[in-house]
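Read the structure below first, then the notes.
Excluded from the calculations below are hydrogen atoms, water molecules and symmetry mates; all remaining heavy atoms, backbone and side chain alike, are included.
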Amino acid sequence: MGAALSREDEVLAQLERIIDPDFGMDIVACGFVKDLEVDAEDGKVAFRLELTTPACPVKDVFENQ
């Protein structure tokens with residue numbers, strides 16, 4: 001039986017579903033997810049999304065996903 005995923009790993013697994021159309025890879029593999037924090041008490045999640053350029057044309061698409 002496999003080990004249970006940590007809360008951080010669960011969040012990353014969900015974020016892996018978001019694919020960058022320019023690179024054809026998920027945003028976790030691209031290294032865009034930074035400073036991931038999951039509050040153990042209330043489960044709130046916070047992270048920064050660091051894109052290749054501040055004016056990245058898919059920024060709004062990522063925020064909606």
Side-chain angles (χ1 to χ4, degrees):
M1 188 184 299
L5 292 177
S6 71
R7 298 250 180 179
E8 289 82 4
D9 288 338
E10 290 176 13
V11 171
L12 290 172
Q14 292 299 312
L15 292 173
E16 287 173 344
R17 298 169 52 194
I18 303 172
I19 305 300
D20 182 292
D22 292 331
F23 295 113
M25 296 171 45
D26 68 80
I27 63 172
V28 176
C30 288
F32 295 163
V33 178
K34 307 288 186 183
D35 304 326
L36 174 63
E37 295 179 8
V38 179
D39 188 299
E41 288 186 26
D42 62 15
K44 288 185 180 178
V45 174
F47 63 91
R48 286 186 311 110
L49 193 58
E50 186 175 279
L51 303 174
T52 53
T53 65
C56 181
V58 294
K59 178 181 176 187
D60 293 334
V61 173
F62 288 162
E63 288 177 349
N64 289 329
Q65 290 183 4

If the condition is side-chain contact (heavy atoms from CB on, under 4.5 Å), which residues does [X] pass it with, not counting sequence neighbours?
{"X": "Asp42", "result": "Asp39, Lys44"}
{"X": "Glu37", "result": "none"}
{"X": "Glu50", "result": "Lys34, Arg48"}

Any heavy-atom pair between the side chains of [Y] and [X] that's under 4.5 Å?
{"X": "Phe32", "Y": "Leu49", "result": "yes"}
{"X": "Asp20", "Y": "Met25", "result": "no"}
{"X": "Asp26", "Y": "Leu15", "result": "no"}

**Q.** Glu8 to Leu36 - nearest heavy-atom pair and separation
**A.** O-CD2, 3.7 Å
Q) Roughly how far, to the nearest 0.5 Å, is CG of Leu12 from CZ of Phe47? A)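 Result: 9.0 Å between the selected atoms.
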**Q.** Value rounded to 0.5 Å, distance of SG in Cys30 from CD1 in Ile19
**A.**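 Between Cys30 SG and Ile19 CD1, I get 8.0 Å after rounding to 0.5 Å.
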**Q.** All side-chain hydrogen bond (donor to acceptor under 3.5 Å, both in side chains) counterparts of Glu16, not counting sequence neighbours
**A.**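 Per chain and number, Glu16 pairs via side-chain hydrogen bond (donor to acceptor under 3.5 Å, both in side chains) with no residue.
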